[in-house]
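Let me begin by presenting the structure, written as structure tokens, before commenting on it.
Quick caveat: nothing in here was measured; it's all calculated off a predicted structure. Chain letters run A, B, ... following the sequence lines, proteins first, then strands; residues in each count from 1.
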Protein chains: 2
Amino acid sequence: MGNQSRGPTLSDVARAAQVSLATASRALNGGQRVVGPELRGRIEEAARRLGYVPNAHAQALAGGTTSTVGLVLHDITDPYFAAIARGAIAAASDQGSLVMVGSTFRSTARELDFVRTFRAQRVDAIVLAGSGFDDDGYRAAMTEELDGQRRAGGGYAFVSEHHIPGHVVLPDNHGGAAALGRALADLGHRRLAVAGGPSHLTTVQHRIDGFVRGAEAGGVPASCIDRIDHPFSEDGGRAAARELLDGGCRATALFCVSDVMAMGALDELTAAGVAVPKDLSLVGFNDVPTMRRLTPPVSTVRLDLETMGRTAMELALDRSASGFRTVHVPAELVLRSSTAPVGVDVPSRENA
Amino acid sequence: MGNQSRGPTLSDVARAAQVSLATASRALNGGQRVVGPELRGRIEEAARRLGYVPNAHAQALAGGTTSTVGLVLHDITDPYFAAIARGAIAAASDQGSLVMVGSTFRSTARELDFVRTFRAQRVDAIVLAGSGFDDDGYRAAMTEELDGQRRAGGGYAFVSEHHIPGHVVLPDNHGGAAALGRALADLGHRRLAVAGGPSHLTTVQHRIDGFVRGAEAGGVPASCIDRIDHPFSEDGGRAAARELLDGGCRATALFCVSDVMAMGALDELTAAGVAVPKDLSLVGFNDVPTMRRLTPPVSTVRLDLETMGRTAMELALDRSASGFRTVHVPAELVLRSSTAPVGVDVPSRENA
DNA sequence: CTGTTAGCGCTTTCAG
DNA sequence: CTGAAAGCGCTAACAG
């Protein structure tokens, strides 16, 4: 459905103020001191009286500015994306731009679709905040779409690696996860489990790689690290914990590649009577706000998500630079009480 | 910044496919079976080859559809608004519309600004998900703005009472809070405290009124209910708890008008060594996801936020109905362990 | 089914 | 500083 009836237009205003269309345009939407104060006043009053609202589409079409940007993410209720969105929205707002949000719920088709729609809207910039998908077809299609965006004079930027040319805000997934793995190893853990999401998400790959590398550095051979894959979500975390338990858990520590998964896992573990960290240490990634409030507070790696979103939007909006930039974001290890040294007790899942 | 260079246009496609502009339009963006398969094929291929992307602004201007809607909320990282946004975005998506999000951070000026901008974008619908502000100037300005939106053929809807004519999705703030007050009274609490946000937010008023009414019904006179006001945020909740403690708390139960405030309050209480619920019972409102995960899990009132957002968007998008509709949303009391019967011990803030 | 012809509402040269 | 005129890219009557 489009808007059928129309409101007052610029010519209505011009007529009411007894000036030419061009003058009205300059007075209302043009730069400053270009129209005589007398006319300007008359025009502004007429506009107010008539309830004139400029038609952004006409403005855009006539070569004016659009001042809109697009943001593609998976799910706004996921605190990870919400934080990124907050930063991106704030940055856009600072430059006077409106943000259009597309929720993909992890579908690459939907993601491509949104980029296309944003292009149709002639947005000035697009920020892609999903995880990159390690899929050639997707990558080729997205690359083409984004090339178009660029040729049309617009910008774009990624949050986290997508293996597609463009500006990138790159959190230190590898390093952060390595610190986590190392910390666990140093705590004496010798049998680790990692609950990863779908392995075609580049973020997941990097975190797992880093974790394994860190653990190895701490003396835990990769062969002692079990890997279980489940969706990158709270339910996925729950499922991972269940699988771990059902399989006769031999690990003394569990790394969930994202906090949201860790939350689900903690739920499940607690329900099953597994004590954290006594029976099993638990770590997540991102340091989403509720992590510190859980029982026990969960160790994780902190990323400044809001700044990441803001930076990505700034990069996407910056049409000055020539080449593509990569902004590295540090990851900070945050140890809380969900991690403890391995005790002499053999961990089991039968005690409170 | 607007997009300067332009990509291929419909006429480029038409020329390449050797057909008229109109035919190309019909084939690409028009309805179905209206163009011969042969031409259609040629046109589609030309479009693909050229990388044609329709100009949504031109389409909108030419009387086509815009398929965009606006959503105004306070802060996307607040789980309350995130949940509403999710529902609203999903509903819009179902109807093929893109959502533009405006974050007001509780500024009425910004709110009016966004509505204005959305109007300029000729959005089909606007959903206002802030709390209503009990302010005449605001209300008058907003009413006028929304009248314009309607006259222009667009729709709009509120989430929660704004005292402005329009569709409304109305959670049972009063009833839910009353149940809370009653429950506390029935638990034996005789001295209550309520941490309310700015009293010009209608949501706050309704919740407090309801709470007091419920407590009275349970035998607690209104005079035994202390009220402390702080911002409607986590920090506000913290501040409220601090004030309560500093004032020499006589209440045995604290009602925070929103979960987010309750989270802050719980933080502060715990830090101060006040045991919940032993020393003080705590209740919130909304049943945001993390409430059940806190220690102790916090009693609250559940609202189906996502459905509320979805419903509001549907109402705003529905241009069929004649009058304004009000959709009531039930509130469900959720008692968890942050509430307990008052013990014989006089509550104090000095014990673990 | 397909082509022609007007605009949608605004910004912008280009003249005065 | 102000007015007149030419589109921006597309859809929507109208004709064929």
- Message: Of the listed nucleotides (D:dC10, C:dG3, D:dG9), which one gets closest to any side-chain atom of A:L61?
- Response: D:dG9

- Nearest-Å distance, NE2 (B:H57) to C1' (D:dG9)? 11 Å

- Query: Does B:T23 place a side-chain N or O at less than 4.0 Å from the phosphate oxygens OP1/OP2 of C:dG3?
  - Reply: yes

- Message: Nearest whole Å is fine: how far is C:dC8 C1' from B:L10 CG?
- Response: 16 Å

- Looking at the side chain of B:L21, which of D:dC10, C:dG3, C:dC10 is the nearest nucleotide? D:dC10

- Check whether any side-chain N or O of A:S20 sits under 4.0 Å from OP1 or OP2 of D:dT2, and answer yes or no. no

- Query: Whole Å only: how far is the CG atom of A:L39 from the P atom of D:dG3?
  - Reply: 7 Å

- State whether A:R139 and A:D136 are salt-bridged, where the test is any N-O pair (Lys NZ or Arg NE/NH1/NH2 against Asp/Glu carboxylate O) under 4.0 Å. yes

- Quickly work out the A:Q18 CD to D:dT2 P distance and round it to whole Å. 14 Å

- Task: Grab the CD1-C1' distance between A:I43 and C:dC10 for me, whole Å please.
- Result: 14 Å

- Message: Quick one: does any side-chain atom of A:D78 pair with a main-chain N or O of A:D75 as donor and acceptor, under 3.5 Å?
- Response: no

- Among D:dT11, C:dG3, C:dC10, the one nearest A:T9 by side-chain distance: C:dC10

- For atom CG of B:N55 and atom P of D:dG7, their distance in whole Å: 18 Å

- Item | Donor + acceptor pair across side chains of A:T68, A:D124 (<3.5 Å) | no

- Message: Whole angstroms only, please: what is the CZ-C1' distance between A:R122 and D:dC10?
- Response: 11 Å

- Message: If I take atom CZ in residue A:R26 and atom C1' in nucleotide C:dT11, what distance separates them, rounded to the nearest angstrom?
- Response: 10 Å

- Cationic N near anionic O, under 4.0 Å, A:E306 to A:R310: no

